[in-house]
Amino acid sequence: MSGNPRTIVVVGGVAGGASFAARARRLDEMANIIMLERGEHISFANCGLPYFISGEIRNRDKLLVQTPERFGKRFHVDVRVEHEALSIDRIAKTIEVRDHRNDRIYTQPYDKLVLSPGAEPVRPPLPGIDNQRVFSLRTVGDAQRIRQYVEEHDPRDAVVVGGGFIGLEMLENLTHLGLRVRLVEMADQVMLPLDPEMAEWIHQHLRLRGVELILGRAVEGFNETAEGRLNVSISGEQSITCDMVVSAIGVKPEANLARDAGLETGDCGGITVDEHLRTSDPDIYALGDAIETNNGVLGGKGLVPLAGLANKQGRLAADNIFGRLASSPGVLGTNIVRVFHLSVASTGANGKSLKAKAVPYERSYTHPASHAGYYPGAVPMVIKLLFAPDTGKVLGAQIVGIDGVDKRIDVLATAIYSGMDVKQLTQLELAYAPQYGTGKDAVNIAGYAAANIVAGDVSVFHAEQLDEQVQAGGFLLDVRTAGEFRRGHIEGATNIPLDSLRDQIQQLPMGKTILVYCLTGVRSYFACRILAQRGFQAVNLSGGYMVYCAACPSKCEGIPGLHRWDRALALETFCSTPEERKIVANGG
Ligand code: FAD
């Protein structure tokens, strides 16, 4: 096509870079497309690396989605692996490149330049960080090194530093290899996109799986012991000994090439781009982990290093370069991770960020089943929905469960993208058959709970407000069965099971606020409706005793029933006969 750039150079040949090059070729058969990749591989599956280490993905070649040769041939792209872009001369429109294979430096001209150099693991200058047994994970080579170390040295225990998604995936995979794993995380919770009470589900699940969590502590250094092991010093004068460490404390954008060329970078250290992914130089585009993106809910810029974004931005940058003007939407950061049996996902804003930005919000917690309860294999999930208290506009969602989490988070991400409110969630017509969902799907149910709050059909309070409400004279009412109450309840509560409530209503003090709870918030909602229509002022503990125990773990002996989430799965997965199921259900 005339007017199109003749030579386009892409720096980085993995998620964003390869996606760009393939789309660019589809848009212009004649352009000279050159892909520079510092490493040996292009287009590899970083996201599969932890599973290659444990052998869940057995064959290394499965990680190599494309080889340089196949990609070059299919898309007629000049793929140059082990070629590193060293510097950019924006006036001359050239790049200085080091060809590591032939140990030479050359100058490569470009008409348009696309930067997709990704992000590198953060390796703070701690004593001993360069020890050969302190690993980090970004490339196929890193994964091979970890796997080889495990095979050759048969380590007994490992410390994973950092409880983000790479840290969690690594600790799961190292556990599968038979190692005892401890996790050190500087924050008080793992998975920072979640709010703390939702992360508590993961904490307790990890402990049930034998992982020791050391939260709220920072690693301060590493040193070899006389026995040839590694001593990991942790803030608070604690130190632990292990055979290997995986450091997964986050990534930082590889923005030096751009910065040195005088391109604008932002407060978070990423390359600044406009909605068309153009940098401060109109002939240079940037995308992927290296850029700062606009937050789709809160506004403002931030770093969101996720593969889906990099891939989509690759296509979008190509569209823009070839005259199909396209804008990048605000980023929701939709993510999902498997942590042993749990699936953990979130999208949009969380409570912490809404609070930090002083954005008013309300939240609801629901515990719907993954599919119809009467069909084998149904397991609960917990959905936290964040929404505007006045309009009900959906602002964010977090889900922890075993099954069906992925499709619910994707529906909620789509709802946020479309600007839906919680009432619209109740109206979504979602696929149902007993194996897949419920007549009112989990997303509809989350919508109903939130819409009831917005409509004023029920008032809610939250776990951290409970003490204050009781001190203000509230009467705490537990409407679960007597058996459930005996097994654990909130201190000071009076138990009147829901089905006896109408008969025993005279026991309740009329002038006081009745603070009602049950296990999940459903029975207490029914109770609130009964009480409100009989002249009481009743408020519902959102998410019930389960969320209370997650929000105030020191006041409970674990989130009730969480251990059975594993058991429920085990029942269906591992037992082929009803007899076997009964044995496992009764405690193995
Ligand atoms: P990359 O894919 O990292 O590619 C950048 C490439 O640029 C690198 O290969 C690098 O060698 C090359 N490069 C850098 N500088 C130069 C230079 N000067 N010259 C030449 N080449 C250069 N995301 C998810 O959404 N879901 C997941 O499950 C998930 N799991 C992950 C698991 C692991 C272990 C890791 C490491 C990442 C995971 N990610 C996941 C993140 C995802 O891989 C990244 O968001 C995505 O790869 C970013 O794409 P990118 O093109 O920006 O950078």
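Side-chain atoms are counted along with the backbone in the values below, which use heavy atoms only and exclude waters and symmetry mates. Order of listing sets the numbers, starting from 1, for every ligand and every atom in it. Note that this is a predicted model, so its numbers are computed, not measured.
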Practice prompt. State whether Glu96 and Arg104 are salt-bridged, where the test is any N-O pair (Lys NZ or Arg NE/NH1/NH2 against Asp/Glu carboxylate O) under 4.0 Å.
Written response: no

Worksheet item: Is ligand 1 under 4.0 Å from a heavy atom in the side chain of Glu254, in the backbone, in both, or in neither?
Response: side chain

Item to complete: Give the numbers and elements of all ligand 1 atoms closer than 4.0 Å to a heavy atom of Leu36.
Response: 20 (C), 21 (N)

Worksheet item: So, Glu120 and Lys252, do they make that salt bridge, N to O below 4.0 Å?
Response: yes

Discussion item. Regarding atom 45 (O) of ligand 1: of the candidates Val304, Val337, Asp289, which has the closest heavy atom?
Written reply: Asp289

Practice prompt. State whether the number of non-hydrogen atoms from other residues, nucleotides or ligands found under 6.0 Å of Arg6 atom CZ is greater than 12.
Written response: no

Practice prompt. Could you list the atoms of ligand 1 found under 4.0 angstrom from a heavy atom of Ala310?
Written response: 48 (C), 49 (O)

Item to complete: With atom 21 (N) of ligand 1 as the reference point, say which of Arg338, Met170, Arg38, His100 has the nearest heavy atom.
Response: Arg38

Item to complete: Using the side chain to side chain contact (heavy atoms under 4.5 Å, CB included) rule, pick out the option among Val159, Leu183, Ile166 that qualifies with Leu171.
Response: Leu183

Fill in: Minimal non-hydrogen separation, Lys357 against Gly299, with atom names
NZ-O, 4.3 Å

Worksheet item: Taking the six-membered ring of Phe20, is NZ or CZ of Arg315 closer than 6.0 Å to its centre and within 45° of its axis?
Response: no

Worksheet item: Side chain, backbone, both or neither: which part of Ile166 has a heavy atom under 4.0 Å from ligand 1?
Response: side chain

Item to complete: Write out the residue and atom name of the closest protein heavy atom to atom 43 (O) of ligand 1, then the distance separating them to 0.1 Å.
Response: Asn46 CG, 3.2 Å

Worksheet item: In terms of ring plane angle, is the pair Phe71 and Phe75 parallel, tilted or perpendicular, where the classes change at 30° and 60°?
Response: tilted

Item to complete: Search all heavy atoms of Val184 against all heavy atoms of Arg217 and return the closest pair with its distance.
Response: CG1-O, 3.5 Å

Item to complete: Identify, for atom 19 (N) of ligand 1, the protein heavy atom at the shortest distance, and state residue, atom and that distance.
Response: Ala85 N, 2.9 Å

Worksheet entry | Shortest protein heavy-atom distance from atom 10 (C) of ligand 1, along with the residue and atom involved | Glu37 OE2, 3.5 Å

Fill in: Taking atom 28 (O) of ligand 1 as the reference point, the nearest protein heavy atom with its distance
Cys47 CB, 3.6 Å

Worksheet item: When you measure from atom 42 (C) of ligand 1 to each heavy atom in Gly314, Gly16, Ala307, which option holds the nearest one?
Response: Ala307

Worksheet item: Taking NZ, NE, NH1 and NH2 as the nitrogens, is one of them in Arg259 or Glu254 under 4.0 Å from a carboxylate oxygen of the other?
Response: no

Worksheet entry | Candidate pair Glu69 and Lys73, rule salt bridge (charged side-chain N to carboxylate O under 4.0 Å, His left out), full reasoning | CA-CA 6 Å; Glu69 297 72 30; Lys73 189 153 178 38; over 6 Å; no

Response to the item:
Counting from 1 in the order shown, the ligand 1 atoms closer than 4.0 Å to a non-hydrogen atom of Glu84 are 18 (N), 19 (N), 20 (C)

Worksheet item: Nearest to atom 3 (O) of ligand 1 by heavy atom, Glu169, Arg98, Arg138: which?
Response: Arg138

Worksheet item: Tell me, which protein residue and heavy-atom name are nearest atom 38 (C) of ligand 1, and how many Å apart are they?
Response: Phe165 CE1, 3.9 Å

Discussion item. Applying a heavy-atom cut-off of 4.0 Å, say which part of His83 lies close to ligand 1: side chain, backbone, both or neither.
Written reply: backbone

Practice prompt. Distance to 0.1 Å, residue and atom name: give those for the protein heavy atom nearest to atom 36 (C) of ligand 1.
Written response: Leu137 O, 3.6 Å

Worksheet entry | Under-4.0 Å heavy-atom contact with ligand 1, by part of Val11 that carries it | side chain

Item to complete: Please examine the side chains of Ile34 and Ile8, heavy atoms only from C-beta on, and report whether any two atoms are closer than 4.5 Å.
Response: no

Response to the item:
among protein heavy atoms, the one nearest atom 53 (O) of ligand 1 is Gly118 CA, 3.2 Å

Worksheet item: If hydrogens are left out, which of Ser116, Pro305, Gly12 has an atom nearest to atom 5 (C) of ligand 1, that is, the closest non-hydrogen atom?
Response: Ser116

Practice prompt. List in chain and number order the residues that pass salt bridge (charged side-chain N to carboxylate O under 4.0 Å, His left out) with Arg98, two or more places apart in sequence or in another chain; answer none if no residue qualifies.
Written response: none

Worksheet entry | From Ala15, Ala286, Gly333, Gly13 - option closest to atom 49 (O) of ligand 1 by heavy atom | Ala15

Practice prompt. Could you list the residues that satisfy ring-ring contact (aromatic ring centres under 6.0 Å, His included) with Phe165, not counting sequence neighbours?
Written response: none

Worksheet item: Mind checking whether Leu306 has an N or O less than 3.5 Å away from an N or O of ligand 1?
Response: yes

Response to the item:
Closest heavy-atom approach to atom 13 (N) of ligand 1 among Gly288, Pro117, Pro50, Pro253 is made by Pro117

Worksheet entry | Within-cut-off N or O pair, Val14 and ligand 1, under 3.5 Å | no

Discussion item. For His83 and Tyr106, which I'm curious about, is there any donor-acceptor pair between the side chains at under 3.5 Å?
Written reply: yes

